[in-house]
Amino acid sequence: MKSISISPRPIIPLILPQLEHRYKISRLNHRLPLLHLDGAGRSLLLMASLNNHNHNHHFRHADSTASPPSSAVAKISHLKAVVLGDAPASEEDDVVLPSHDFSRQALVPSQQKYLEMYKASIENPAGFWSGIASSEFYWKQRWGDQVYSENLDVRRGNIKIEWFKGGITNVCYNCLDRNIDAGLADKIALYWESNEPGFDATLTYSQLLQRVCQLANYLKSVGVRKGDAVVVYLPMLMELPITMLACARIGAVHSVVFAGFSSESLAQRIVDCKPKVVITCNAVKRGPKTVFLKDIVDAALIDSANKGISVDVCLTYENQLALKREKTKWKEGRDIWWEDVVPKYPTSCVVEWVDAEDPLFLLYTSGSTGKPKGVLHTTGGYMVYTATTFKYAFDYKDSDVYWCTADCGWITGHSYVTYGPMLNGATVLLYEGAPSYPDPGRCWDIVDKYKVTIFYTAPTLVRSLMRDGDEASYFSNLVYLGGSNKERNLFEFCKHSVIFFDSGMKVYLHDLRDYPLACKDHLYVTRYSRKSLRVLGSVGEPINPSAWRWFFNVVGGSRCPISDTWWQTETGGFMITPLPGAWPQKPGSATFPFFGVQPVIVDEKGVELDGECSGYLCVKSSWPGAFRTLYGDHERYETTYFKPFPGYYFTGDGCSRDKDGYHWLTGRVDDVINVSGHRIGTAEVESALVSHPQCAEAAVVGVEHQVKGQGIYAFVTPVEGISYSEELRKSLILTVRTQIGAFAAPDKIHWAPALPKTRSGKIMRRILRKIAARQLDELGDTSTLADPGVLDQLIKLADT
């Protein structure tokens with residue numbers, strides 16, 4: 001083992017003056033420890049930045065009873081605060097105040113400005129949104145006198161939401177042609193980074209338009225018309241947003257399916273929306289693993305054909321870095337190589353102008369019944385809302401390079417990879433691969449490579465990077481300050497080292513190239529500059545305060561505000577979110593509603609709660625980005641979202657509001673589990689489990705997971721005569737992976753001789769959640785159980 005013992009503390013005062021004199025460094029930050037290493041009798045001087053050091057005297061806490069920056073909210077007397085850019089946020093800090101410099105250049109520079117805009121959006125929504133729609137987007141024909149109409153109360157008739165009806169526009173035109181006409185033809189629209197380091201590509205806005213038009217012309221040539229569905233099963237290649245935009249250009253309705261879903265799940269969506277064309281690629285590399293997407297599509301098309309829905313065209317892109325075409329399974333007459341046909345078509349395509357209320361896309365999301373719901377978003381309102389939320393929530397500037405790590409198979413990839421950014425003329429980064437490939441520093445390598453300024457990701461990724469703790473990352477960012485070749489070699493060793501303390505405060509550096517498993521992820525962040533980052537964002541699930549602080553302190557260097565956004569597939573865009581520069585942020589809180597959004601917290605009876613409270617999160621009154629229906633099932637749309645609390649849109653989430661008015665999302669209150677930002681219906685997983693020939697019954701609940709937010713915990717009763725075994729456990733998990741996808745695989749199989757049921761046969765999931773969480777002293781009332789003895793059996797088998 002290569003290691004060096006260092007005792008840094010006694011020598012810091014000795015070498016500081018020499019460093020300042022020799023290297024002409026203006027007064028060094030004395031919070032940075034300086035290490036003197038004796039290498040082969042010579043001096044090697046290293047400077048290491050101190051991260052996550054809990055000595056409170058290193059922080060300049062701003063007492064919020066004093067005079068805060070002009071951009072800050074009015075006095076919050078009971079809170080302690082740290083100012084953005086001044087120091088790391090510690091557990092003692094309740095809020096992070098925007099700095100004067102950041103607020104000065106922000107689109108919404110103060111609380112007062114936010115309140116002015118928010119008040120206008122609530123008191124006069126028609127005027128507020130029509131002003132934005134008229135001034136920032138192109139309309140072939142303006143809407144009529146009525147900007148919007150709505151009914152959110154099932155007691156008054158069918159639920160209906162319409163915005164800008166009668167207005168004629170096209171989202172693709174607004175994303176591309178309008179920006180090119182504004183002088184952005186040569187601006188980079190897309191950066192693409194391959195799974196394999198060293199492979200990348202770019203497209204300017206004019207090049208992107210040409211590629212979009214070629215595909216649009218091809219789709220028209222095979223019979224795709226306005227209103228037709230196109231199913232898209234692609235990884236994060238540039239061809240994915242190209243396909244979405246091409247469909248929008250000709251008025252087709254795209255339905256992007258996450259390329260991690262199984263063939264059964266894909267077939268289910270094909271059968272529901274009956275597409276004219278399926279677009280996929282032959283394979284993709286995710287980290288070191290090759291996923292054969294075309295094989296999955298082939299199986300799905302066979303399955304859907306057996307159910308009466310045949311697809312005549314499967315357009316397949318050859319992803320050469322993953323699989324050559326000669327190794328791809330092929331069906332003549334149906335399968336067509338993208339590269340063989342699309343580039344032959346003209347690079348211009350006539351726009352299909354559509355009504356604001358014409359459908360733009362279908363996106364299927366898990367429901368509590370087991371059947372995915374086809375969420376339908378229309379054109380005009382969604383366009384205006386996603387563009388506006390992107391602009392303000394990220395404080396977008398024309399010079400920004402924006403990276404959202406989400407896949408376009410989810411709503412985040414629709415609203416905040418493709419449409420929202422491009423409607424603003426932004427430069428967008430796409431990354432094909434896994435965030436930890438070839439090592440956990442890949443994200444930050446990409447940030448430095450492309451000078452990313454806005455980084456939007458999920459708490460799952462944040463937690464995965466911080467999960468090993470900070471104890472091995474006291475020092476990082478070693479900087480070479482000169483010396484002989486031997487000294488440089490010693491420095492190179494140190495740069496790949498992880499540092500530990502022993503009980504005598506000696507420091508030991510171990511070469512991670514010899515011990516790769518000893519690596520701590522914190523070092524994989526701080527070894528990169530990340531100086532380009534300006535704004536961070538969080539999406540998909542609530543981010544816990546400790547992860548928020550780590551994201552803020554380590555990734556953002558304590559200088560980047562975090563837009564901790566709350567929204568849903570159904571809402572189309574952000575609903576509750578910080579606005580950088582306007583509000584003090586509380587770690588873990590989504591803060592306040594976006595313009596035009598009226599969130600309310602209600603009790604079980606639907607009574608609105610005032611002030612500090614907890615309950616069910618609902619929204620009263622519509623907003624432009626709201627979904628309009630569930631495809632082919634408007635009754636389910638009304639039953640799921642509007643009947644629980646008549647007069648409101650019911651989000652299905654719990655929420656707390658603190659004494660300062662900040663909103664804290666507490667997670668799902670229905671039978672949907674949020675795993676790494678992916679909503680998975682418990683019924684869907686249960687259905688997959690009971691399809692196994694040796695599973696008699698199953699009940700699935702969500703449980704807290706350190707990395708994924710929520711994990712899937714499955715109680716399984718085998719058929720009579722089948723014993724519990726490791727082989728059966730693996731087989732059950734494989735069944736779920738096959739039928740739904742790897743992301744839905746149970747984290748825990750809990751053997752259950754029987755499930756706790758009421759006398760009417762209803763499974764008491766409340767009790768199962770307590771057992772899964774090991775909250776055995778909080779089981780509550782069990783008097784309605786048909787067989788109370790079941791509980792003792794389940795508890796005994798809890799750790800089996």
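Since we're looking at a predicted model, the values are computed, not measured.
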Of F455, W403, W567, the residue whose pairing with Y416 passes ring-ring contact (aromatic ring centres under 6.0 Å, His included): W567

Over all atoms of both residues, closest heavy-atom pair of [X] and [Y]:
{"X": "I543", "Y": "P459", "answer": "CB-CG, 3.8 Å"}
{"X": "P435", "Y": "C443", "answer": "CB-SG, 3.7 Å"}
{"X": "A406", "Y": "V417", "answer": "O-CG2, 3.9 Å"}
{"X": "F102", "Y": "P580", "answer": "CE2-CB, 3.4 Å"}
{"X": "G606", "Y": "Y648", "answer": "O-CE1, 4.2 Å"}

Side-chain heavy atoms of P584 within contact of Y662, under 4.5 Å: yes

In the structure I gave you, are the side-chain heavy atoms of C655 and W664 within less than 4.5 Å of one another anywhere? no

For K531, which residues count as a salt bridge (charged side-chain N to carboxylate O under 4.0 Å, His left out) partner, sequence neighbours excluded? none

Using the side chain to side chain contact (heavy atoms under 4.5 Å, CB included) criterion, which residues pair with [X]? Sequence neighbours excluded.
{"X": "A387", "result": "F137, L423, N424"}
{"X": "T378", "result": "E357, R628"}
{"X": "I168", "result": "K140, Q141, W353, D355"}

Do R178 and D181 sit within salt-bridge range, that is, some charged N less than 4.0 Å from a carboxylate O? no

[X]: side-chain hydrogen bond (donor to acceptor under 3.5 Å, both in side chains) partners, not counting sequence neighbours:
{"X": "N151", "result": "none"}
{"X": "Y649", "result": "Q568"}
{"X": "Q598", "result": "none"}
{"X": "Y419", "result": "H254"}

Y616: ring-ring contact (aromatic ring centres under 6.0 Å, His included) partners, not counting sequence neighbours: F645

Contacts of type ring-ring contact (aromatic ring centres under 6.0 Å, His included), residue Y148, not counting sequence neighbours: W163

According to the interplanar angle, ranging from 0 to 90°, do the rings of Y385 and W129 count as parallel (below 30°), tilted (30 to 60°) or perpendicular (above 60°)? tilted

Specify whether H377 and F627 have parallel, tilted or perpendicular ring planes, treating 30° as the upper limit for parallel and 60° as the lower limit for perpendicular. tilted

To the closest 0.5 Å, what do you measure between CD1 (I454) and OG1 (T427)? 10.5 Å

To the nearest 0.5 Å, how far apart are CG in D564 and CG in L536? 11.0 Å

What residue pairs, at least two apart or across chains, pass salt bridge (charged side-chain N to carboxylate O under 4.0 Å, His left out) with a residue in residues 594-615? E608-K620

Quick test of your reading: applying salt bridge (charged side-chain N to carboxylate O under 4.0 Å, His left out), list the pairs with at least one residue in residues 391-406, sequence neighbours left out, ordered by first then second residue. E136-K391, D395-K397, D395-R534, D400-R534

Could you walk me through whether Y450 and S532 satisfy the side chain to side chain donor-acceptor pair (under 3.5 Å) test, starting with their C-alpha distance in whole Å, then the side-chain angles of each, then the deciding distance to 0.1 Å, before giving a yes or no? CA-CA 9 Å; Y450 295 98; S532 60; over 6 Å; no

Let me see the working for T457 and T405 under side chain to side chain donor-acceptor pair (under 3.5 Å), right down to the final yes or no. CA-CA 5 Å; T457 192; T405 63; 2.8 Å; yes

Could you check Y456 against T565 for side chain to side chain donor-acceptor pair (under 3.5 Å), going step by step and ending with a plain yes or no? CA-CA 10 Å; Y456 189 38; T565 61; 2.6 Å; yes

